[in-house]
K.L.:
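Have a look at the structure that comes next, please.
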Protein chains: 2
Amino acid sequence: MVSISGILVDRIEANLKDEGLPPLSWYDVLLEVERAGPGGIRPFEIKERLLLPQYGTSRLLKRLADAGYVTTADCVADGRGQIVTITPAGRDIRAQMWPVYANALRTDVQEKLTGEEAEQLAALLGKLRPT
Amino acid sequence: MVSISGILVDRIEANLKDEGLPPLSWYDVLLEVERAGPGGIRPFEIKERLLLPQYGTSRLLKRLADAGYVTTADCVADGRGQIVTITPAGRDIRAQMWPVYANALRTDVQEKLTGEEAEQLAALLGKLRPT
DNA sequence: CCAATATAGATGCAAATGCATGTAAAATTT
DNA sequence: AAATTTTACATGCATTTGCATCTATATTGG
């Protein structure tokens with residue numbers, strides 16, 4: 001990543017790697033799956049919410065499943081689809097990632113921005129997020 | 001790219017691709033090389049300014065050279081190093097990329113932010129940029 | 001009901017990236 | 001000035017990404 005605001009993401013990635021934790025994209029997916037609760041979530045929903053390409057979603061989920069962080073089951077309501085649910089290990093690793101995520105933002109960002117500026121930034125970036 | 005502000009970058013990338021133009025990273029490097037003027041620039045300087053990994057810089061420059069957008073020559077003052085300069089074709093392609101870049105920002109960003117907000121965002125992101 | 005089309009997901013192949021390491025030429029140390 | 005360390009850049013290998021395409025099920029139109 002180069003240019004503009006990739007800096008934030010790069011910092012978080014670097015910190016996660018230093019801690020021996022998975023990349024940020026895993027966090028995003030795990031969060032969606034965890035939020036979905038026991039009913040699980042369909043891969044295409046993850047794709048839509050995270051704006052990931054279809055093949056990216058497919059492979060990310062494969063890696064998460066291989067790592068034991070999610071499980072996938074055939075969807076009874078739709079023979080084409082799957083239902084993804086989080087495992088205890090998945091919950092656990094996401095919990096470990098969260099403070100690194102937050103700290104990377106707090107440490108690196110607050111070094112250069114005031115609290116008010118950080119809030120403004122968050123708000124502005126939030127507005128950019130496609131609906 | 002997922003998360004936070006990668007959205008901006010993704011949009012620009014998508015627009016560049018639609019126009020059949022090279023990726024954003026090429027723009028960044030070309031801009032540095034062009035700015036350096038006839039004296040050229042050393043790869044390690046590009047690496048430092050763009051926060052690219054060393055191997056990434058090396059390969060990016062190779063692709064740019066293969067595409068005919070830059071030329072590399074041995075550095076007389078330092079036997080280890082090189083001097084990179086832009087070619088007319090390089091200047092040209094960067095000029096083609098610029099409006100796409102700018103428009104992607106203007107179109108996608110200004111749809112959701114007021115002019116004032118856009119300026120704030122640029123200022124905040126600028127502050128994050130490591131020196 | 002059948003044909004055509006759309007949707008969910010997987011995957012082969014090529015290109016890009018990350019990591020570790022290699023080579024060669026400074027710069028520094030003693 | 002010889003030995004050591006640092007700096008500049010390249011590259012082999014594994015992982016990841018992008019693109020195109022494939023399979024299978026669902027939906028829609030006649």
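A note on names: the letters A, B, ... follow the listed sequences, proteins ahead of strands, and every chain is numbered from 1. No hydrogens, no waters, no symmetry mates; every other heavy atom, side chains included, goes into these values.
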K.L.:
I want to check something: taking the side chain as every heavy atom from C-beta on, are A:L113 and A:L121 in contact at a cut-off of under 4.5 Å?
P.N.:
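Yes; the side chains approach each other to less than 4.5 Å.
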
K.L.:
Between A:L60 (CG) and D:dG18 (P), how many Å, whole number?
P.N.:
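Answer to the nearest Å: 11 Å.
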
K.L.:
Are the side chains of B:Y27 and B:L30 in touch, meaning some heavy atoms are under 4.5 Å apart?
P.N.:
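Sidechains of B:L30 and B:Y27: no contact.
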
K.L.:
In terms of hydrophobic clustering (I, L, V, M, F, W, Y; side-chain heavy atoms under 4.5 Å; direct or indirect links), are A:L50 and A:L31 co-clustered?
P.N.:
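Yes, one cluster joins them.
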
K.L.:
Between B:T87 (side chain) and B:Y69 (backbone), is there a donor-acceptor pair under 3.5 Å?
P.N.:
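Pair found, side chain donor or acceptor close to backbone of B:Y69.
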
K.L.:
Roughly, in whole Å, what's the span from CG in B:L24 to C1' in C:dA16?
P.N.:
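Whole-Å distance recorded here is 15 Å.
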
K.L.:
Whole angstroms only, please: what is the CG-C1' distance between B:L51 and C:dT17?
P.N.:
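Between C1' of C:dT17 and CG of B:L51: 17 Å.
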
K.L.:
Determine to 10° how strongly the helix from C:dC1-D:dG30 to C:dT30-D:dA1 is bent, judged from the axes of its five-pair ends.
P.N.:
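If I round to tens, the end axes sit 30° apart.
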
K.L.:
Give the B/S/- string for nucleotides 5-11 of chain C, one per nucleotide from 5' to 3', where a protein heavy atom under 4.0 Å of the base yields B, of only the sugar-phosphate yields S, and otherwise -.
P.N.:
--BSBBB

K.L.:
Let me see the working for B:L16 and B:Y101 under side-chain contact (heavy atoms from CB on, under 4.5 Å), right down to the final yes or no.
P.N.:
CA-CA 7 Å; B:L16 284 169; B:Y101 191 154; 5.6 Å; no

K.L.:
Examine distances only and state if a side-chain atom of B:E13 and a backbone atom of B:L24 form a donor-acceptor pair shorter than 3.5 Å.
P.N.:
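Yes, the answer is positive, given that a donor and an acceptor are paired below the 3.5 Å cut-off.
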
K.L.:
Find out whether B:R35 and B:E32 are in side-chain contact, i.e. whether some heavy atom of one side chain is under 4.5 Å from a heavy atom of the other.
P.N.:
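They are in side-chain contact.
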
K.L.:
Quick one: A:L64 CG to D:dT16 P, roughly how many Å, whole number?
P.N.:
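Interatomic distance, CG of A:L64 to P of D:dT16: 11 Å.
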
K.L.:
Tell me whether the side-chain N/O atoms of B:K17 come closer than 4.0 Å to OP1 or OP2 in D:dC19.
P.N.:
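True: B:K17 side-chain N/O within range (under 4.0 Å) of D:dC19 OP1/OP2.
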
K.L.:
Can you check whether B:E19 reaches B:N15 side chain to side chain, under 4.5 Å on heavy atoms?
P.N.:
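No; the side chains remain at least 4.5 Å from each other.
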
K.L.:
Rounded to the Å, how far apart are B:L52 CG and C:dC19 P?
P.N.:
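Result: 14 Å.
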
K.L.:
First locate atom OG of A:S58, then atom CD of A:Q82, and finally report the distance between them rounded to the nearest 0.5 Å.
P.N.:
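Atom-to-atom, A:S58:OG and A:Q82:CD are 7.5 Å apart.
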
K.L.:
Indicate, with a heavy-atom threshold strictly under 4.0 Å, whether B:G56 touches base, sugar-phosphate, or nothing.
P.N.:
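Counting heavy atoms under 4.0 Å across all strands, no contact is made by B:G56.
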
K.L.:
Specify the residues of residues 66-77 of chain B, ordered by number, for which at least one heavy atom lies under 4.0 angstrom from an atom of DNA chain D.
P.N.:
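Contacting residues: none.
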
K.L.:
Could you check if a side-chain atom of A:V84 sits within less than 4.5 angstrom of a side-chain atom of A:R42, using non-hydrogen atoms only?
P.N.:
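Heavy-atom side-chain distance check fails, nothing below 4.5 Å.
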
K.L.:
To the nearest Å, how far apart are B:E13 CD and C:dA15 C1'?
P.N.:
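For the pair B:E13 CD and C:dA15 C1', the rounded distance is 14 Å.
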
